[in-house]
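Structure record follows, encoded as structure tokens.
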Amino acid sequence: MVKNYHVDNVTIEEILGWIKEGRVGLPEMQRPFVWSTSKVRDLIDSLYNGYPIGYIVTWQNPTVGLKNDSSSNNKEIIIDGQQRLTALKAALSGEKVVSQQYITKRVKISFKPSTEEFNTLNSAIEKDPLWINDISEIFKSDFNSYSYVTENAEKLGMAPEKLGVTLQNLLAIRQSEIGNIELSSNLSIGSVTDIFNRINSKGVSLSSADLAMSRLSADTVHGGNNLRKQIEYFVQLLNDPNLLQNIEKFDADFASTQEFSQIKWIANENDPIYKPRYADILHLILAVSFKRGKLADMVSLISGRDFEARNFSEEGMNANYEKMKYGASLVFNKSNFQRYLMILRDMGMRNSGKLGLMGHGVFNFGYMLFLYLSQNTSFPKSQIDSYLKRWIIMSALTGRYSGSSETITESDLKLITRENDSLVVLDEILKREMNDSFWNGTLPNQLRVQSTQASSWRVFQMAQIYEKDTAWLAKDTSAETVMVEEGNIHHIFPQAYLRKNGYSKGDINQIANYVWVTQPKNLEISDMAPKDYLTDKSITEFMTTSNNHENAIPEEIVNYDFHDYNEFLNQRRQLMAKKMHEFYESM
């Protein structure tokens, strides 16, 4: 049996030395540190008391025959243990960490020699002479134990001999051992991920995106670290535009680069509908640059893999990085991104919890498709928009990119980009997926769900926004206004009424029983049967055939009570599916 790993015990001092020398990459020193100070304190306390603190896992992938033998070309990646090592460097070496607001700060661990206890520095400790405020002072290379004991024993309330022994015990932390599981450089990305997820006890899964980001961070020769920063800062600014000034101050060198100028505009984007995560950005760059869908390939490409020649080379690494940088420039391009957002808004999408994304895979592929058609074809904008909108609706309703989305993404990319006429391929797939059987059978059956997170419910709402429908039983209030501003989803057959007549929660909360109404109308309806509350003229003042049609309400509802509930659900599912079909065809 081939052994795919090697285990060594290494000292804390050795590990910190590796990081300082550049043998291993530790990007967390330049990324937000998520550990609490109390957790850092507990880590130091465990080392002092001789308790094990786990292990680290390192991997050098792949063994590339590069002409330039610089260690920064192919540093070992720390697969597991990055936060622990960052905590050790911060506490023992006095290096600053980065907060989630991109503000550098010190993590100061204090030590009370007389009781041998650790704590995080606070104002009370600062005023207490029995504490050493910051243990990193003790770990400096020029620290002199004899001088320190002579000058501070009395202040610390200890006999010099006792203080000397205690300090030596503290300094012995540097010689504490931690296990290093070094994975074979011959292992595939999939195997490394599987190993991590098998041995990790914290319930945190490693993804190919994590590996790719770590690999990018470790490469400062080909610009990998700058690409990683582009991705990370774009995602951060997308979610919190107020971080712009902090990032510019924290990382001034990068803030002056072309790469940063390509992304900083996103801080001014007002409430974007589409908010890709860093894994999504990696998928986008991979697709645009290499027409591939599996992030496991990203690490190999970063490392110089040529999939056709089936080898690794420095030339391959240079070529792959150039492709990725070009792909990133398209993904981050302000005009491209804003035009894609506009397409999403045009088809009725809004950015609220009730109208949000129907799975990241749907909109990731939508953006991939938009970039490909815009950059590689001469089709008119209106034609590209039409195909894109229908593709998004199709993939949302069919769950095309749920589950093993990477596989279908790669298959679709290769199919669409291989043919001479992409629109012919798109047409064939759309016709195959969105046939009469789907609209009349599959989709109505999909509407037998309770969750308002279901794609079918969200597409139905988009259809109402797109058609500028009026809220049910209203005159001038649009369904969109109620959705976005008031947020009152009403049960057409009221909950209390159905519950009183023996219906279960699962029956009551089916999405075919939901409709948007204004708050006053919701209160007027109360808990009556439809046939009763729809005889009240104050409720039905604005009820019309057109208004019922816009909200997919069967006309027969005026005669229905609980005996007719299941028939009502079947009728409404068909009407909702018909409305979504009309919406799709209108794109």
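Note: hydrogens, waters and symmetry copies are ignored here, and every other heavy atom, side chains too, is used.
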Practice item. Apply side-chain contact (heavy atoms from CB on, under 4.5 Å) to Lys39 and Gln83, showing your working. Key: CA-CA 11 Å; Lys39 195 168 182 179; Gln83 289 283 304; over 6 Å; no
Tell me if a side-chain donor or acceptor on [X] pairs with a main-chain N or O of [Y] at a distance below 3.5 Å.
X      : Y      : result
Asn547 : Ala471 : yes
Asn551 : Ile553 : no
Asp469 : Ala479 : no
Tyr503 : Phe562 : yes
Asp240 : Gln236 : no
Ser395 : Ile392 : yes
Thr86  : Gln82  : yes
Arg345 : Arg350 : no
Glu550 : Thr470 : yes
Tyr372 : Lys291 : no

Review point. What's the verdict on side-chain contact (heavy atoms from CB on, under 4.5 Å) for Leu388 and Leu373, showing C-alpha distance, side-chain angles and the deciding distance?
Key: CA-CA 9 Å; Leu388 188 60; Leu373 293 176; 5.8 Å; no
Return the minimal non-hydrogen interatomic distance between [X] and [Y], and the atom names on each side.
X      : Y      : answer
Leu295 : Glu406 : N-OE2, 3.1 Å
Leu413 : Gly293 : CD1-N, 4.4 Å
Ala512 : Ile492 : O-CD1, 4.1 Å
Glu524 : Met528 : O-CE, 4.0 Å
Ala279 : Ala209 : CB-CB, 3.7 Å
Met324 : Ser289 : CA-OG, 3.5 Å

State the [atom1]-[atom2] distance between [X] and [Y], to the nearest 0.5 angstrom.
X      : Y      : atom1 : atom2 : result
Thr377 : Ile384 : OG1   : CD1   : 4.0 Å
Leu286 : His283 : CG    : NE2   : 7.0 Å
Asn333 : Ile263 : CG    : CD1   : 13.0 Å
Tyr497 : Asp527 : OH    : CG    : 10.0 Å
Tyr340 : Ile273 : OH    : CD1   : 10.0 Å
Lys468 : Glu480 : NZ    : CD    : 8.5 Å

Does the side chain of [X] reach to within under 4.5 Å of the side chain of [Y], using non-hydrogen atoms?
X      : Y      : answer
Gln375 : Asn336 : yes
Lys505 : Arg499 : no
Leu447 : Ile511 : yes
Thr540 : Val558 : no
Leu430 : Tyr584 : yes
Leu243 : Gln101 : yes
Arg572 : Val515 : yes
Asp564 : Asn559 : no

Will you find, in the side chains of [X] and [Y], an N or O donor that is under 3.5 Å from an N or O acceptor?
X      : Y      : result
Arg228 : Ser217 : yes
Asp280 : Tyr367 : no
Asp507 : Tyr565 : no
Ser38  : Ser36  : yes
Arg573 : Gln510 : yes
Tyr274 : Asn364 : yes

Aromatic ring pairing [X]/[Y], orientation class (parallel under 30°, perpendicular over 60°, tilted between):
X      : Y      : value
Tyr102 : Phe250 : tilted
His491 : Tyr514 : perpendicular
Phe33  : Trp35  : tilted
Trp472 : His490 : parallel

Review point. Does the pair Phe370 and Ile343 meet the rule for a side-chain contact (heavy atoms from CB on, under 4.5 Å), with working shown?
Key: CA-CA 10 Å; Phe370 166 76; Ile343 290 170; 4.0 Å; yes
Tell me, yes or no, whether the heavy-atom count around [X] atom [atom1], taken from other residues, nucleotides or ligands under 6.0 Å, exceeds 12.
X      : atom1 : result
Asn270 : CG    : no
His549 : NE2   : no
Gln245 : CD    : no
Lys264 : NZ    : no

Can we say [X] and [Y] salt-bridge, meaning some charged N sits less than 4.0 Å from an Asp/Glu carboxylate O?
X      : Y      : value
Arg339 : Asp385 : yes
Asp412 : Arg400 : yes
Lys229 : Glu259 : no

Check your understanding: Can you check side-chain contact (heavy atoms from CB on, under 4.5 Å) on Leu216 and Leu282, steps first, answer last?
Key -> CA-CA 11 Å; Leu216 286 170; Leu282 286 168; 4.3 Å; yes
**Study point:** Distance flag, aromatic centroids of Phe234 and Phe337, threshold under 6.0 Å
**Key:** yes
Check your understanding: Could you go step by step and tell me if Arg432 and Glu428 meet the salt bridge (charged side-chain N to carboxylate O under 4.0 Å, His left out) rule?
Key -> CA-CA 6 Å; Arg432 183 172 66 244; Glu428 289 176 354; 5.7 Å; no
